[in-house]
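Note that the structure is predicted; figures quoted are calculated from it, not measured.
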Amino acid sequence: MDIEFSETSKESFKYSIIYALNTDVLEINSKINDELMFSYINEVLKKDLKGLRLEDVLLNIIIVKLSKVPALFNKYAYPVINLKHDEYINKVKKIIPSRLTYKYAIDNLEIIDYQNQIEEKIMASYANSILSSKMEHLSEQKWFVKYIIHAKASENNFKPPVVGYSFSYYLKKRSKCFNFCLNKNNDYFIYRNYPTLDNYNNTIYINLGLFKVIKDSRGFQAGLLYLLNSAFKALSLAITRNKDFSITYDDEMYRFIKEEIIYKEDSNFYKSNESYFDTNIESSINSHNMINELLSNPLFNNLNIEKYNEIETIQYKNSKKYYNVDYYIDNILIKNPGLIVDYPMLSMEYDKFGKRKSIEELIKLKYEKLAIFNEQIINFKDIIKSNESLKDNISVKLKKLEDGIPGVIRCHNKMIYKAVKELDIKGFKAVLKTLNNIMINDTLEAIIQEKRTFIQKLQNNRKRIFKPSTFLNNDEFLSKEYITSCTFESIINEYKSRK
């Protein structure tokens, strides 16, 4: 098929390829039209690369994006640059870092794919460079906060808009400006008669003016501490505010709800087990750990920044103690089941009396929720068939429902797995005998889902720049969770083989 590419269509097609290649590895093949891809490569890409230096060819954005999947690279890029995937990776690594890779990091910040090993290395190398020079320029500071937030958010397939802004002029007018806390909301700035920003959308705002004030008065370490602390706190809030991300259930939000209840109902228990909670971890310790983890990463070995040796890394205690903390909410809800009404999300896991639901009840609830979704989807499709004029409006709602189904399955499977984990092996085997084949398969599905989650988190920990600083994402904890899930999986498989 011969296609004529105008200047406008060239650019449009280029970005459609980029966004397709930025998707999950398992979905990329379904996003690419083979015929159109080869047409673009032959009619546009080959001409664009002709006569360029090797370094410029290696860093062409389409070539870089293709490198994420070896098979795709060898299929589409090899005929153009005459390098197999392994050869390409070796060559491009040799030019990182360089001015060309720094330019790539700056120019493509908004469309970086953090699953792409080359792009991840390019971004980290530029971050290393500007950290080494202590981020003297505002443009570097803006780039850095976007980078660390997008890199962290990508683990949740989430990309919030990020704005770095400056209040330095207003802060310098105040003689006691250094008494400010590191994070201030709009109410504070209104009270102090400072300009405010719209804080009701999901944009993350980071005060780079305050960063400069702290850096100039207390040193670069303290300024960097402020940026990391502000960025990750703001990201956590943005994730819970993002309706699309938490259409049915959000792991962070659900855990925070439970922790808030424990804190309100029994603050002594909360404070004595604080290291297991995410909502109220001492921010300075958490941030000091983050900065130490940043500096201990091999990518940042050459940074001229001292570590905070006076603060120990959080000591992760045994998992058995954590489970006691995790299930402490059960005691509270039995005594005060009215909390289920105050926090409706808890009804996924607990009945109206505050008792934890059984595996069978949770599976039935999952199918009830799916039935509601499917019924609404059928209704919307019928409306579109009967009234074409409503198609555009209804289609958006229809897509949201269809996209929400995997989330419904995921969140209810999590509840099923929690019910499984509450049982010991003898108790679990006894429960299996009471379940029909469909329910046994649903239980197995839930266990396998969570096992894959633990594997994915462990893999992410090995390649992420900022290692986990909370108990629930610690390698030791995740490894134990993985072993537990494997145990329950093998029990079901053994039971099914004997039936």
Side-chain angles (χ1 to χ4, degrees), residues 248-249 251 254-255 257-258 261-262 269 273 276 317-337 339-340 343 345-371 408-458 471-472 476-499:
T248 54
Y249 169 89
D251 300 347
Y254 192 64
R255 191 167 72 251
I257 285 171
K258 285 186 171 184
I261 291 170
I262 293 173
F269 178 86
N273 294 281
Y276 295 102
K317 301 174 187 175
N318 62 69
S319 296
K320 187 175 180 181
K321 180 72 181 291
Y322 165 71
Y323 292 134
N324 293 336
V325 172
D326 188 38
Y327 289 102
Y328 190 70
I329 187 78
D330 294 16
N331 300 326
I332 292 173
L333 294 177
I334 288 289
K335 293 175 185 174
N336 186 3
L339 289 166
I340 306 290
Y343 299 90
M345 193 178 279
L346 292 171
S347 64
M348 289 193 300
E349 193 177 0
Y350 301 90
D351 65 22
K352 63 182 180 180
F353 303 109
K355 185 182 176 184
R356 189 180 284 272
K357 291 177 179 175
S358 67
I359 293 173
E360 184 173 348
E361 288 173 312
L362 291 168
I363 292 171
K364 286 178 179 177
L365 182 63
K366 178 173 109 172
Y367 282 107
E368 286 171 12
K369 182 67 73 68
L370 287 172
V408 172
I409 294 170
R410 181 181 67 86
C411 78
H412 286 283
N413 280 348
K414 281 182 174 292
M415 297 301 125
I416 294 165
Y417 180 71
K418 283 180 74 69
V420 168
K421 204 168 62 169
E422 189 187 16
L423 302 168
D424 57 23
I425 291 176
K426 185 178 178 181
F428 181 60
K429 287 179 177 179
V431 167
L432 278 181
K433 294 175 182 177
T434 68
L435 301 178
N436 61 35
N437 288 337
I438 293 174
M439 288 188 169
I440 289 172
N441 288 333
D442 274 294
T443 305
L444 181 60
E445 177 188 79
I447 293 168
I448 291 172
Q449 172 191 288
E450 292 306 284
K451 183 182 82 169
R452 287 173 177 165
T453 300
F454 303 136
I455 293 170
Q456 187 61 55
K457 284 184 176 181
L458 285 164
F471 179 80
L472 296 178
E476 183 181 346
F477 171 75
L478 290 171
S479 297
K480 287 180 179 178
E481 286 287 283
Y482 171 72
I483 292 167
T484 301
S485 63
C486 288
T487 301
F488 285 119
E489 181 186 9
S490 66
I491 290 170
I492 290 184
N493 287 332
E494 185 182 339
Y495 178 77
K496 288 174 70 176
S497 68
R498 290 202 311 267
K499 282 190 75 175

Exercise. Taking Glu349 as the fixed residue, which of His412, Arg356, Lys414 is the one that meets the side-chain hydrogen bond (donor to acceptor under 3.5 Å, both in side chains) rule?
Worked result: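 It is Arg356, the one option of His412, Arg356, Lys414 that forms the side-chain hydrogen bond (donor to acceptor under 3.5 Å, both in side chains) with Glu349.
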Problem set entry | N-O pairing of Lys366 and Glu445 below 4.0 Å |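 Yes.
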Problem set entry | Lys/Arg-Asp/Glu bridge criterion (N-O < 4.0 Å) met for Glu368, Lys364 |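 The answer is no: the pair does not qualify as a salt bridge.
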Contact check, side chains of [X] and [Y], non-hydrogen atoms, under 4.5 Å:
X      : Y      : answer
Thr443 : Val431 : no
Phe269 : Asn331 : no
Asp442 : Tyr367 : yes

Problem set entry | Sequence-distant partners of Lys357, salt bridge (Lys or Arg N to Asp or Glu O under 4.0 Å), two or more places apart |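 For Lys357, no residue satisfies salt bridge (Lys or Arg N to Asp or Glu O under 4.0 Å) once neighbours in sequence are set aside.
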For this session: Apply salt bridge (Lys or Arg N to Asp or Glu O under 4.0 Å) to Glu489 and list each qualifying residue two or more places apart in sequence or on a separate chain.
Result: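 In terms of salt bridge (Lys or Arg N to Asp or Glu O under 4.0 Å), with neighbours along the sequence ignored, Glu489 is linked to Lys451.
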Problem set entry | Polar side-chain atom of Thr453 near backbone of Gln449 as donor-acceptor pair, under 3.5 Å |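 Side chain of Thr453 to backbone of Gln449: a pair is present.
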Problem set entry | Listed partners of Asn441 passing side-chain contact (heavy atoms from CB on, under 4.5 Å), at least two apart |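 side-chain contact (heavy atoms from CB on, under 4.5 Å) check on Asn441 returns Lys496.
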Exercise. Roughly how far apart are Ile425 CD1 and Ile491 CD1, rounded to 0.5 Å?
Worked result: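 Between atom CD1 of Ile425 and atom CD1 of Ile491 there are 4.5 Å.
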For this session: Enter the distance from Ile340:CD1 to Ile261:CD1 here, rounded to the nearest 0.5 Å.
Result: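 CD1 of Ile261 is found 7.5 Å from CD1 of Ile340.
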Exercise. Is the OH atom of Tyr482 crowded by more than 12 outside heavy atoms at less than 6.0 Å?
Worked result: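 No, because the 6.0 Å sphere around OH of Tyr482 holds 12 heavy atoms or fewer from other groups.
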For this session: Hey, can you tell me if Phe488 and Tyr417 have their rings parallel, tilted or perpendicular (30° and 60° cut-offs)?
Result: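 Correct class here is perpendicular.
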